[in-house]
Each structure stands twice: as C-alpha cells, then as structure tokens.
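Below, all heavy atoms of this structure are taken into account, side chains as well, without hydrogens, waters or symmetry copies. Counting from 1, the numbers follow the sequence of the chain as shown.
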Amino acid sequence: MRIIRNSYIPFRGFTAMNLFGVLFVRREAAELTPGTLNHEKIHSAQIREMLYIPFYICYLLEWLLRLLLPGNAYRNISFEQEAYKYQNDLSYLSRRDRFAWFRFLFRAR
C-alpha cells in the first residue's frame with residue numbers, strides 16, 4: 001500500500017484516508033500502528049471488490065442514510081464496522097470472505 005503524508009488529506013481530525021488503494025496520512029500524525037494499517041488494508045479489499053467507484057458511491061449513500069438514524073453515522077457505516085472489528089486481527093485478510101462488509105449493513109453500533 002502506497003502511503004502519502006501531506007497536510008490536506010484527510011480532513012483535520014482524521015489520521016488517514018484510503019483513496020483508490022493509496023493511503024493519505026496527515027503529516028503531523030504519529031507513526032501508523034499495525035492496527036491502523038490493517039484497517040486501511042481492509043478498506044482496500046472492499047474498494048477492489050466493489051470496483052472502486054461503486055464503493056465510494058455506496059459509502060456516501062450509506063453515510064447519508066445513517067445521518068438520519070441514531071448513533072454515529074460514520075461508525076455505523078458497514079464498511080467501517082468491518083474494518084474496526086477486525087483491524088487488530090492481522091490475519092483477517094487472509095481468510096476474509098468477499099463482500100464480508102454486507103453482514104454489517106443492517107447492524108448499528
């Protein structure tokens with residue numbers, strides 16, 4: 001995974017953002033933990049299996065819908081739920097089923 005440190009992407013308050021399999025990290029952020037890197041690798045798998053652009057469309061639509069529901073809209077996005085649940089399981093990607101994020105679609109945290 002290519003990592004680019006900069007001062008613009010992601011927005012302040014976030015450490016990293018995965019865009020098309022390239023990880024953008026705030027310049028001032030501390031060294032990325034193995035868990036954070038694994039979290040972003042899980043997103044890369046999600047992005048590839050959804051053929052890139054559809055991933056971002058679904059992500060945005062789900063976030064917009066979850067804004068109308070109770071709880072944290074960002075944390076309740078199915079893609080984020082999968083990535084947060086397994087970020088510290090560094091062997092998860094080797095056994096991950098395709099479209100595993102779908103199991104989290106109708107769950108709220």
Pair Phe24-Arg2, side chain to side chain contact (heavy atoms under 4.5 Å, CB included): steps then yes or no: CA-CA 9 Å; Phe24 291 86; Arg2 183 161 184 226; over 6 Å; no
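- No more than 12 heavy atoms of other residues, nucleotides or ligands lie within 6.0 Å of CZ in Arg12, so this atom counts as exposed by the packing criterion.
- Aromatic ring orientation, Phe104 versus Tyr86: perpendicular (interplanar angle above 60°, classes split at 30° and 60°).
- Between Glu82 and Tyr92, some side-chain heavy-atom pair lies under the 4.5 Å cut-off.
- Counting only heavy atoms from C-beta outward, the side chains of Leu105 and Gln81 never approach each other to under 4.5 Å.
- Residues Met1 and Gly21 share a closest heavy-atom pair of CG-O, 3.8 Å.
- Side-chain contact between Leu93 and Ile42: present, with at least one pair of heavy atoms (C-beta onward) separated by less than 4.5 Å.
- At a threshold of 4.5 Å between non-hydrogen side-chain atoms, the residues Thr15 and Arg26 do not count as touching.
- A cation-pi contact links Arg75 to Tyr84, judged by a cut-off of 6.0 Å to the six-membered ring centre and 45° from its axis.
- In this structure, His43 has its ring center no closer than 6.0 Å to that of Phe79.
- Counting only residues at least two apart or in different chains, salt bridge (Lys or Arg N to Asp or Glu O under 4.0 Å) contacts with residues 37-56 comprise Glu49-Arg96.
- Using a 4.5 Å cut-off between side-chain heavy atoms of Ile, Leu, Val, Met, Phe, Trp and Tyr, with links allowed through other members, Ile53 and Trp63 fall into the same hydrophobic cluster.
- For the residue pair Asp89 and Ser91, a side-chain donor N or O sits within less than 3.5 Å of a side-chain acceptor on the partner.
- Residues Leu19 and Ile47 fail the side-chain proximity criterion, which asks for heavy atoms closer than 4.5 Å.
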Which side-chain N or O atoms in residues 55-62 pair as donor and acceptor under 3.5 Å with protein atoms at least two apart or in another chain?
residue	atom	partner	partner atom	Å
Tyr56	OH	Asn18	O	3.1
Tyr56	OH	Phe20	N	2.7
Tyr59	OH	Glu80	OE2	2.6
Glu62	OE1	Ser78	N	3.4
Glu62	OE1	Ser78	OG	2.8
Glu62	OE2	Arg66	NE	2.8
Glu62	OE2	Arg66	NH2	3.2
Glu62	OE2	Ser78	N	2.6
Glu62	OE2	Ser78	OG	3.4

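- Enclosure of atom CZ in Phe102 is not indicated, since only 12 or fewer non-hydrogen atoms of other residues, nucleotides or ligands lie within 6.0 angstrom.
- Side-chain atoms of Thr33 and Asn38, non-hydrogen and from C-beta on, never get closer than 4.5 Å to each other.
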